[in-house]
S.K.: 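Following this message is one structure expressed as structure tokens.
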Amino acid sequence: MASQTLQSVPAEPSPARHEQSLEDVARRDAEGQAYFDKVMAEDSRIEPRDWMPAAYRKTLLRQISQHAHSEIIGMQPEANWISRAPSLKRKAILMAKVQDEAGHGLYLYSAAETLGQPRDQMMQDLMDGKAKYSSIFNYPARTWADMGAIGWMVDGAAIANQVPLCRASFGPYGRAMVRVCKEESFHQRQGFEILLELSHGTPEQKQMAQEAVNRWYAPALMMFGPPDDDSPNSKQSMAWNIKRFSNDELRNRFVGMMMEQVKVLELTLPDKDIRFNEETKKWEHGPLDWDEFHEVLAGRGPCNAQRLERRREAHLEGAWVREAAAAYAEKQAKKQAEKVSVA
Amino acid sequence: MSTPQTATQTNDAHDGGHGDISVGLSGAGASGDGAASATRITPGNALRPEDIALAVSRGTAKPSADVAELALRLGDDALILAQRLGHWISRAPELEEDIALGNIALDQLGHARSFLSYAGGLDGRSEDDLAYFRREPEFRSVQIFEQPNGDFAHTIARQFVVSYYQFELYRRLAQSTDATLAGIAAKAVKEVDYHRDHSAQWVLRLALGTDESRQRMIHAFKTVWPYVDELFRDDELTGRLSETAAAPQPSSLRADFDRLTGEILAEAELQVPNVQPAPGGGRRGLHSEHLGYILAEMQVLAREYPGASW
């Protein structure tokens, strides 16, 4: 995708000082590649200081930073309901959840930084529209029931996607995912609980829950990415042990999970074509509107402009605070150095 | 002179979850318990709002009318502050502050829920009845809590004042003859200790950072300081409560507040703003123009569906 190549990529690590000749560099690359291939074959882990192919670094940087951006932008639709949460307990849970998402963004930016890109640059790419985030967050959270549907379906899809990533070949990413998945499973449960309470509440509440499920169903399924025959990067990511299952496989698995859980909710999924295929032993779903997916991805979704503007605004309005903190830290360090030199 | 230091505990084995950094003020008259960590309390042994609601419904905890009124006041203070601070989540100057301000809001909301659950024990109202179904003149919060977030410096100025006030209050309230008030305060004081640290560090950074941040900090203190006096005003209720040692007189907190905030202000090379105090009246239901909007937003959904369960 053309837009993805816009994203800033860190410079390749420069050769160590003793590697003067081209032969030295070539030998180092060959040794590095051999080690990398061995790690892939053994299905073990690459760490930040290990040699890695430039394309592997670039792919990971794109994926991890997009994931971080999704957490940060994903705070907005839910933060939208913190002030209006209908009970104090729900308010507390929602606040904690949105706060977790900021935390996930932080771990993920840190993991991405180990690939050589500073967080500020990643943020700048996001605000400049050069970097992507999950399209799902470009849909509006219209009612309180959306807090339930987002938790149950959006976080549910995220978990289905992310649990296999705990085994991703890049160490910092896999380890970040372990912690993220633990918290996401709480998030999904709280979303399910919101819907359960609504679907067993007044008829109006139940309707609110059903409408939210109807709204979020297709966008949640599209979170797994385009169908396998239209997903050019998947093959390479699987060869690198970053991705473990194909988009369609994860999507089908997720549909099966939801089909069980929706019964407990006494709600329905807005798809009459869902069925379990006895021959393939896989769940199947009805057609999805991939034109809409591409429209939203291209920036023409309901909230694209709003989400990015909010991020830019927070960043710009906070500039003087970050400058003050940096200036203060510098002054303190100087004072400390003077103290040490006197002693 | 003492600078707040962030002390990271190294013995903090835990199994994931939230913030595992323990922060305490050293030297600035803090609780002195370096091991105290609000975040290390597990849900297993912390006093939760649900525990209080349960004790109230079983009749094992029942406030007197005076204690219920005090719990309502303190619950409203914390609730309105939580509502204000929650607005920063996803809008803060830095991701770390989204988390920090969110955490402080969450602590305040927890205190609010505990105090309101207890206050409701007088006449059987729940925390949500009190939060969502009272009108503006029935709220008992003092006016500083409802003051707008403004820029980050305004939020920090308000945080600095209220966290030092709440710390002095809860520290004493933890000795209350009313066991439930004492329990709520004992938990809250550890959390508010961290809020002091957070705000004091930012006062120093902003006041001593750049020219712009210093000007903004000075301006923010000028705007917030008129609402300081109201925090320390005694009235008939606090007089009766102090006689039974259920709660301290607000005026008795002032000397420690002035001394400790004064130390930080001096280190920040700032002066206590020379401004006239606002008349206040929040404890009697007289509020600034801001509270109505806060309540309108907070209560709208609950009031659209009265009687619904969420």
Side-chain angles (χ1 to χ4, degrees), chain A residues 72-73 75-76 78-92 94-96 98-103 105-106 109 119 123 143-144 178-179 182-183 186 194 197-198 200-202 204-205 208 310-311 313-315 317-332, chain B residues 3 15-19 49-50 79 82-83 86-99 102-103 105-106 109-110 112-113 116-117 126-128 131-132 151-153 156 202 204-210 212-214 216-217 294 297-302 304-305 307-310:
Chain A
I72 299 311
I73 298 292
M75 293 166 70
Q76 292 183 26
E78 293 177 291
N80 183 40
W81 282 94
I82 288 175
S83 64
R84 292 174 294 168
S87 77
L88 296 185
K89 184 181 169 189
R90 292 283 173 214
K91 190 191 291 285
L94 188 60
M95 266 187 193
V98 181
Q99 197 196 20
D100 278 354
E101 280 151 13
L106 276 182
Y109 283 126
R119 181 169 121 194
M123 276 282 185
T143 70
W144 172 252
V178 172
R179 185 162 179 172
K182 277 186 193 174
E183 295 181 353
F186 272 107
I194 287 174
E197 193 78 33
L198 292 175
H200 291 76
T202 66
E204 276 177 307
Q205 284 180 303
M208 192 197 277
R310 166 87 156 270
R311 184 89 298 274
E313 197 183 345
H315 191 78
E317 286 183 1
W320 68 272
V321 178
R322 295 189 299 276
E323 282 159 20
Y328 178 72
E330 202 175 305
K331 287 177 193 170
Q332 291 297 105
Chain B
T3 309
D15 55 357
H18 285 86
E50 288 83 1
L79 176 60
Q83 190 74 5
H87 185 77
W88 277 106
I89 300 174
S90 77
R91 294 182 176 89
E94 193 73 282
L95 274 180
E96 284 81 352
E97 278 305 304
D98 275 306
I99 296 176
N103 222 344
L106 205 48
L109 185 56
R113 295 183 60 206
L116 294 179
S117 293
S126 70
E127 54 174 329
D128 288 336
Y132 292 97
D151 66 2
F152 187 70
I156 289 302
W202 273 115
L204 293 173
R205 284 189 200 110
L206 297 183
L208 304 173
T210 64
E212 181 184 3
S213 67
R214 182 167 180 82
R216 285 181 185 254
M217 192 71 248
I294 298 177
E297 190 173 343
M298 183 175 80
Q299 296 178 336
V300 62
L301 182 57
E304 268 185 77
Y305 298 87
S309 157
W310 302 94

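Naming convention: chains lettered A, B, ... in sequence-line order (proteins, then strands); numbering from 1 in each chain. The structure displayed is predicted, hence computed values, not measured ones.
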S.K.: Contact between A/Met123 and B/Leu95 at the side-chain level, heavy atoms closer than 4.5 Å - yes or no?
M.R.: yes

S.K.: Would you mind telling me which of A/Lys91, A/Arg310, A/Glu313 has the largest number of heavy-atom pairs within less than 4.5 Å of chain B?
M.R.: A/Arg310

S.K.: Please answer whether the main-chain N or O of B/Ser309 pairs with a side-chain N or O of A/Gln205 as donor and acceptor at a distance below 3.5 Å.
M.R.: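 Present.
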
S.K.: I need the residue from A/Gly105, A/Gly201, A/Ala325, A/Ala92 with the largest number of non-hydrogen atom pairs under 4.5 Å to chain B.
M.R.: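 Option with the top pair count is A/Ala92.
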
S.K.: Judged by atom type as modelled, is there a donor-acceptor pair below 3.5 Å linking the side chain of B/Asp128 to the main-chain atoms of A/Leu88?
M.R.: yes

S.K.: Based on non-hydrogen pairs under 4.5 Å, which of B/Tyr132, B/Phe152, B/Trp202, B/Tyr305 is most in contact with chain A?
M.R.: B/Tyr132

S.K.: Looking at every heavy atom in both B/Arg205 and A/Tyr328, which two are closest together, and how far apart are they?
M.R.: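 Closest approach of B/Arg205 to A/Tyr328, heavy atoms only: CG-CD2, 3.3 Å.
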
S.K.: Please find the pair of heavy atoms, one from B/Ala302 and one from A/Pro86, that lie closest to each other, and give the distance.
M.R.: CB-O, 3.8 Å

S.K.: Answer with side chain, backbone, both or neither: which region of B/Ala131 has an atom nearer than 4.5 Å to a non-hydrogen atom of chain A?
M.R.: side chain

S.K.: Is chain A contacted by the side chain of B/Trp88, its backbone, both, or neither, given a heavy-atom distance below 4.5 Å?
M.R.: neither

S.K.: Give, as side chain, backbone, both or neither, the part of B/Leu109 having an atom under 4.5 angstrom from any heavy atom of chain A.
M.R.: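 It is the side chain, since no backbone atom gets that close.
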
S.K.: Sort B/Gln299 into side chain, backbone, both or neither according to what part of it lies under 4.5 angstrom from a heavy atom of chain A.
M.R.: neither

S.K.: Salt bridge between B/Glu96 and A/Arg119, side-chain N to carboxylate O under 4.0 Å?
M.R.: yes

S.K.: Which answer fits A/Ala79, side chain, backbone, both or neither, if we ask what part of it has an atom under 4.5 Å from a heavy atom of chain B?
M.R.: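 When you check distances to chain B, only side chain atoms of A/Ala79 fall under 4.5 Å.
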
S.K.: What's the spacing between B/Thr210 OG1 and A/Trp320 CH2 if we round to 0.5 Å?
M.R.: 8.0 Å

S.K.: What residue in B/Leu208, B/Asp98, B/Ile99 has the most heavy-atom pairs under 4.5 Å with chain A?
M.R.: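 Of the options given, most contacts go to B/Ile99.
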
S.K.: Between A/Met95 and B/Ile89, does the side-chain contact (heavy atoms from CB on, under 4.5 Å) criterion hold? Intermediate values first, please.
M.R.: CA-CA 8 Å; A/Met95 266 187 193; B/Ile89 300 174; 4.0 Å; yes

S.K.: Has B/Glu297 got a side-chain atom pairing as donor or acceptor with A/Arg84's backbone, closer than 3.5 angstrom?
M.R.: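 No; judged by distance alone, with no hydrogens or angles, the pair does not exist.
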
S.K.: Side chain, backbone, both or neither: which part of B/Glu127 has an atom under 4.5 Å from a heavy atom of chain A?
M.R.: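 For B/Glu127, the contact with chain A is made by backbone and side chain together.
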
S.K.: At a heavy-atom separation under 4.5 Å, does A/Ile73 approach chain B through its side chain, its backbone, both, or neither?
M.R.: neither

S.K.: Between A/Phe186 and chain B, with a heavy-atom cut-off of 4.5 Å, which part of the residue counts as in contact: side chain, backbone, both or neither?
M.R.: neither

S.K.: Find the one option among A/Gln76, A/His315, A/Met75, A/Lys89 whose heavy-atom pairs under 4.5 Å with chain B are most numerous.
M.R.: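 Going by pairs under 4.5 Å, I would pick A/Lys89.
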
S.K.: Please report the closest heavy-atom contact between B/Arg91 and A/Ala314, naming both atoms and the distance.
M.R.: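 Looking at all heavy atoms of both residues, the shortest contact is O-CB, 3.7 Å.
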
S.K.: Which heavy-atom pair separates B/Gln83 from A/Ser83 by the least distance, and what is that distance?
M.R.: NE2-O, 2.7 Å

S.K.: What is the minimum heavy-atom distance between A/Gly318 and B/Pro93, and which atoms define it?
M.R.: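 Of all heavy-atom pairs spanning A/Gly318 and B/Pro93, the closest is CA-CB, 3.6 Å.
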
S.K.: Quick check: are there more than 12 heavy atoms from other residues, nucleotides or ligands sitting under 6.0 Å from CD of A/Glu330?
M.R.: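 Result for CD/A/Glu330: open.
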
S.K.: Which is it for A/Glu323 and B/Ser213 under the side-chain contact (heavy atoms from CB on, under 4.5 Å) test, yes or no, and what are the steps along the way?
M.R.: CA-CA 8 Å; A/Glu323 282 159 20; B/Ser213 67; over 6 Å; no

S.K.: Checking heavy atoms, do the side chain of B/Leu79, its backbone, both or neither come under 4.5 Å from chain A?
M.R.: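 Looking at B/Leu79, just its side chain touches chain A.
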
S.K.: Using non-hydrogen atoms and a 4.5 Å limit, figure out which bit of B/Leu116 sits close to chain A: side chain, backbone, both or neither.
M.R.: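 Answer is side chain: those atoms of B/Leu116 sit under 4.5 Å from chain A.
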
S.K.: Any chance you could measure B/Leu301, atom CG, to A/Met208, atom CE, to the nearest 0.5 Å?
M.R.: 6.0 Å

S.K.: Please look at B/Ala153 and chain A and tell me whether the side chain, the backbone, both or neither of the residue comes under 4.5 angstrom of a heavy atom of that chain.
M.R.: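 Its backbone and side chain both get close to chain A.
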
S.K.: Considering only heavy atoms, which portion of B/Arg214 lies under 4.5 Å from any heavy atom of chain A: side chain, backbone, both, or neither?
M.R.: neither

